*Asks:* 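Quick one: this structure, given as structure tokens, is what I'll be asking you about.
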Amino acid sequence: MRKLISTGSPFEKAAGYSRAVVQGDWCFVSGTTGYDYATMSMPETVEAQTRNCLATIAKALQDGGFEMADVVRAHYYITDAAFVDIVFPLLGEAFGDIRPAATMIVCQLNKPEMKIEIEVTALKR
């Protein structure tokens with residue numbers, strides 16, 4: 001049975017995607033940037049954006065009946081290699097005990113204000 005999870009973001013409807021899709025014991029969370037969806041604003045720092053990404057992901061997982069501890073795979077996309085040492089401690093706080101398989105890629109994101117995007121896959125334990 002499929003369940004679609006939304007943050008209520010206008011981007012989801014405009015681009016035709018769900019924040020997360022639950023399929024059986026799996027939850028696939030879409031690439032999540034640092035927007036604060038309550039205010040539809042983007043913080044300037046990569047630290048604040050990372051915290052927002054992780055909060056949005058945690059909420060999407062929770063809405064789907066999952067926990068952060070269920071995450072088995074993470075992809076991190078950053079726009080500057082200099083951000084690696086800045087975001088590693090924040091990612092370590094969130095995933096240090098969980099230790100999912102992970103990849104970090106330096107790339108360009110959709111909008112210039114975006115500094116990080118995170119997507120995860122979770123398997124219910």
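Bear in mind the structure is a predicted one, so any value in this text is a computation, not a measurement. Heads up: numbering here begins at 1 and tracks the sequence.
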*Asks:* Closer than 3.5 angstrom, by distance alone: can the side chain of Q49 be matched with the main-chain N or O of E113 as a donor-acceptor pair?
*Replies:*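 Looks like yes, one N/O pair under 3.5 Å.
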*Asks:* Report the relative orientation of the aromatic rings in Y77 and H75; use parallel for angles under 30°, tilted for 30 to 60°, perpendicular for over 60°.
*Replies:*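 Judged by the thresholds at 30° and 60°, the geometry between Y77 and H75 is tilted.
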*Asks:* Are F28 and V71 linked, directly or through other ILVMFWY residues, by side chains that come within less than 4.5 angstrom of each other?
*Replies:*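 Each belongs to a different hydrophobic cluster.
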*Asks:* Could you go through I86 and I78, starting from their C-alpha distance and side-chain angles, then the distance that decides it, and tell me whether this counts as side-chain contact (heavy atoms from CB on, under 4.5 Å)?
*Replies:* CA-CA 11 Å; I86 298 169; I78 55 174; over 6 Å; no
*Asks:* Taking the side chain from K115 and the backbone from T50, do they hold a donor-acceptor pair closer than 3.5 Å?
*Replies:*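 No, the answer is negative, given that no donor and acceptor are paired below the 3.5 Å cut-off.
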*Asks:* So which atom in G34 and which in P43 form the shortest heavy-atom distance, rounded to 0.1 Å?
*Replies:*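 Looking at all heavy atoms of both residues, the shortest contact is O-CD, 3.2 Å.
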*Asks:* Do K59 and T7 come close enough that some side-chain heavy atom pair is under 4.5 Å?
*Replies:*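 Sidechains of T7 and K59: no contact.
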*Asks:* Considering only heavy atoms from C-beta outward, does the side chain of Y35 approach that of T56 to under 4.5 Å?
*Replies:*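 Counting from C-beta outward, Y35 and T56 never come under 4.5 Å.
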*Asks:* Considering non-hydrogen atoms only, spot the tightest contact between E117 and L109 and give its length.
*Replies:*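 Shortest heavy-atom contact: OE1-CD2, 3.5 Å.
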*Asks:* Between S6 and G8, what is the shortest heavy-atom contact and its length?
*Replies:*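 The pair with the smallest heavy-atom distance is OG-N, 2.9 Å.
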*Asks:* Any link between V72 and I5 through a network of hydrophobic side chains (Ile, Leu, Val, Met, Phe, Trp, Tyr) touching at under 4.5 Å?
*Replies:*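 Result: no, two separate clusters.
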*Asks:* Near R73 CZ, under 6.0 Å, is it more than 12 heavy atoms from other residues, nucleotides or ligands?
*Replies:*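 Buried by this count: over 12 neighbours within 6.0 Å.
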*Asks:* For Q23, does the CD atom have more than 12 heavy-atom neighbours from other residues, nucleotides or ligands under 6.0 Å away?
*Replies:*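 Correct, the count exceeds 12.
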*Asks:* Is there a path of hydrophobic side-chain contacts, each under 4.5 Å between heavy atoms of I/L/V/M/F/W/Y residues, joining M114 to Y17?
*Replies:*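 Shared cluster, yes.
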*Asks:* Using modelled atom types only, decide if a donor and an acceptor are shared between the side chain of R19 and the backbone of G31 within a distance under 3.5 Å.
*Replies:*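 Side chain of R19 to backbone of G31, a donor-acceptor pair under 3.5 Å: yes, one is there.
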*Asks:* Rounded to the nearest 0.5 Å, what separation is found between the CZ atom of F88 and the CZ atom of F95?
*Replies:*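 If we round to the nearest 0.5 Å, F88:CZ and F95:CZ are 13.0 Å apart.
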*Asks:* To the nearest 0.5 Å, how far apart are CG in L91 and CD1 in I116?
*Replies:*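 Nearest 0.5 Å value for the CG-CD1 distance: 5.5 Å.
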*Asks:* Quick one: pull up CG in N52 and OG in S41 and give me the separation to the nearest 0.5 Å.
*Replies:*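 Nearest 0.5 Å value for the CG-OG distance: 7.5 Å.
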*Asks:* Would you say the side chain of M68 lies within less than 4.5 Å of the side chain of I57, judging by non-hydrogen atoms?
*Replies:*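 I57 vs M68: side chains touch.
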*Asks:* Output, in order, the C-alpha distance, side-chain angles, deciding distance and verdict of side-chain contact (heavy atoms from CB on, under 4.5 Å) for D70 and C27.
*Replies:* CA-CA 9 Å; D70 295 322; C27 184; over 6 Å; no
*Asks:* Treating T32 as the side-chain partner and S30 as the backbone partner, does any N or O pair qualify as donor plus acceptor under 3.5 Å?
*Replies:*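 Present.
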*Asks:* Between atom OG1 of T121 and atom CG of L61, what is the distance when rounded to the nearest 0.5 Å?
*Replies:*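 Answer for the OG1-CG pair, T121 versus L61, is 10.0 Å.
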*Asks:* Is there a continuous path of hydrophobic side-chain contacts, each under 4.5 Å between heavy atoms, that joins F83 to L54?
*Replies:*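 In one cluster with F83: L54, yes.
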*Asks:* Is the shortest side-chain heavy-atom distance between V21 and R2 below 4.5 Å?
*Replies:*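 Counting from C-beta outward, V21 and R2 do come under 4.5 Å.
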*Asks:* Could you check V87, I118, V106, V120 and say which one makes a side chain to side chain contact (heavy atoms under 4.5 Å, CB included) with Y76?
*Replies:*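 When side chain to side chain contact (heavy atoms under 4.5 Å, CB included) is applied between Y76 and each of V87, I118, V106, V120, only I118 qualifies.
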*Asks:* Please report the shortest heavy-atom distance between V29 and E119, naming the atom on each side.
*Replies:*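 Closest approach of V29 to E119: O-CB, 3.4 Å.
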*Asks:* Report yes or no: do V46 and V84 belong to one cluster of Ile/Leu/Val/Met/Phe/Trp/Tyr joined by side chain heavy-atom distances under 4.5 Å?
*Replies:*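 Same cluster.
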*Asks:* Looking only at non-hydrogen atoms, find the nearest pair between A60 and A20 and report the distance.
*Replies:*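 Residues A60 and A20, closest heavy atoms: CB-CB, 4.2 Å.
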